[in-house]
Amino acid sequence: MIMFDPHIHMNARTTDDYQAMRQAGIIAVLEPAFWPGQTRTHVGSVEDYFLMLLGWERFRASQFGIHHFCALGLNPKEANNGPLAEGVMALLPRYLAKDSVLALGEIGYDDQTADEDRLLAAQLEMAKGLGLPALVHTPHRDKVRGTRRTLDLVREVGLPDHLVLIDHNTEETLPLVLDRGCWAGHSIYPDTKMDEARMTALVKQYGAERIIVNSAADWGVSDPLKVPKTAAVMAASGIAATDIQRIVWDNPLAFFRQSGRLEGVVLEQPPMVDQRRLHQGNSVLRGQVPQVEAEKVA
Ligand SMILES: [Zn+2]
């Protein structure tokens, strides 16, 4: 079974992770822009981070046979940092035009402040203007209120519901999101929030339509193999293979195809590994023998 992890911060992960993910069937990832764990002090740090997601990280994924796309946006954590936030908002239009950017994200609420309200609305407006999907995370604190507020703001701005993926859902927020017609993401974490068994129970209750799972793996305690692990638990519990395939491949693909930037891109075929390749003169290898997949002869 081929899989798509539609929310993972690969720049915080190792090459071992890329290898294990590819081996487990993950052939496509989407990396939303994130914050680095401590406050950025210059907008230039964000710009270089965007450039890295578009360049080096995409190259690194290709070196292990994985398609890499990204979502760019002002991170909710940074929306309350005045000058930095304004600087990122000014950068966004230029970077959102790039081919491998399939959405605005991850955007959303953190502390649910007035600044967050204003900047989230402005980014949803940008998504609407560009016809791009939006990947919106729900806050860790006061989640149900934050989810309702997010859904109301989407309606207020007039971004069509089908262009919105609300992420980090729980048993409490999922029905709200599905009722509105948005897509529902679930981040499967080790020992907290949502796990494989609870996710399986949700699929049994709600079905597979507009349901998406991801690892949300980053520099914190997380597991980049949570998508295949969840698929395995679903299969063992009797969920049909077609439904699982829908959740781990068809749905994320259908959601991000709405960007219009995957026309003619055959994602089912993983990129051919050629570790002799370089990016700006740099390799992922440290003197090892490059792996090169043989061209398929028709
Ligand atoms: Zn994230």
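Position 1 is the first residue of the sequence, and the numbers go up from there. For ligands, and for the atoms within them, numbers begin at 1 and follow the listed sequence.
When side chains are defined from C-beta on, Leu102 does not count as touching Pro133, because their heavy atoms never get closer than 4.5 Å.
Legend: ring-ring contact (aromatic ring centres under 6.0 Å, His included) pairs involving residues 152-176, not counting sequence neighbours, sorted by first then second residue: His7-His168, His137-His168, His140-His168.
If you look at the Zn ion (ligand 1), the protein N, O or S atoms less than 2.8 Å from it are His7 NE2, His9 NE2, Glu106 OE2.
Applying the side chain to side chain contact (heavy atoms under 4.5 Å, CB included) rule to Asp223 yields the partners Pro190, Leu225, Lys226, Lys229; only residues at least two apart in sequence or on another chain are considered. Every side chain to side chain contact (heavy atoms under 4.5 Å, CB included) that Thr173 has, sequence neighbours left out, goes to Lys143, Val144, Thr147, Asn169, Thr170.
Ion pairing between Glu293 and Arg277 fails under the 4.0 Å rule for side-chain N and carboxylate O. Between Arg155 and Asp152 there is no salt bridge, since no side-chain nitrogen of the basic residue lies less than 4.0 Å from a carboxylate oxygen of the acidic one.
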